[in-house]
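Beneath this line is the structure, given in structure tokens, with notes to follow.
Nothing here was measured: the structure is a model prediction, and the numbers come from that model. Just so you know, residue 1 is the first one in the sequence shown, and it goes up from there.
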Amino acid sequence: MAKTSKRGPGKTRGSRKAPGPTGTRLPIRISVDREALNALDKRAIAAQVGIGVVAGWLASWLVGGSGLLQYVVSGLAGSLVGGFLLERLGIDLGVRNQAANRIITATIGAIAVVLLARLIG
């Protein structure tokens with residue numbers, strides 16, 4: 001006598017259903033606004049990265065350090081931190097050249113970032 005299978009039609013041995021959603025949601029939802037992304041000025045971003053590299057290099061030259069990636073990261077973070085600190089403290093550098101003012105501000109912030117990273121790590 002032949003064994004009868006309890007599998008339904010179309011079912012083959014070893015096929016499994018993909019696990020369904022578990023009902024949990026991620027705590028963060030990320031969405032990208034394509035129009036806003038396209039509206040970004042690519043030259044302004046490139047200029048900010050260039051300022052970040054110069055500021056990171058100056059900061060590492062003053063307090064030590066090396067590496068292009070470290071220059072970029074410390075310079076970009078430094079430009080944010082330097083701008084925030086100088087604005088909060090009400091300090092005007094007195095430099096009328098906008099590019100030089102940005103570089104000096106970013107360098108001050110990068111020095112603060114590098115020194116803070118050394119204290120933490």
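Across all non-hydrogen atoms, the minimal contact from Ala106 to Ala55 is CB-CB, 3.4 Å. Looking at every heavy atom in both residues, Thr107 comes nearest to Ile103 through OG1-O, 2.7 Å.
Through direct or relayed side-chain contacts under 4.5 Å between Ile, Leu, Val, Met, Phe, Trp and Tyr, Ile120 connects to Leu116. Residues Leu86, Ile91, Leu93, Val95, Ile104, Ile108 make up the rest of the hydrophobic cluster containing Leu89, defined by ILVMFWY side-chain heavy atoms closer than 4.5 Å, directly or through other members. Clustering of Ile, Leu, Val, Met, Phe, Trp and Tyr by side-chain heavy atoms under 4.5 Å joins Leu62 with Trp61, Val63, Ile111, Val114, Leu115.
Linking Ile, Leu, Val, Met, Phe, Trp and Tyr residues whenever their side-chain heavy atoms come within less than 4.5 Å places Leu58 and Val53 in a single cluster.
The side-chain hydrogen bond (donor to acceptor under 3.5 Å, both in side chains) pairs that include a residue from residues 111-120 number zero, where partners must be two or more places apart or lie in different chains.
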Anything under 3.5 Å between a donor and an acceptor, one on a side chain of residues 76-83, the other on a protein residue two or more places apart or in another chain? List them.
| unit_1 | atom_1 | unit_2 | atom_2 | d |
| --- | --- | --- | --- | --- |
| Ser79 | OG | Gln48 | NE2 | 3.3 |
| Ser79 | OG | Leu76 | O | 2.7 |

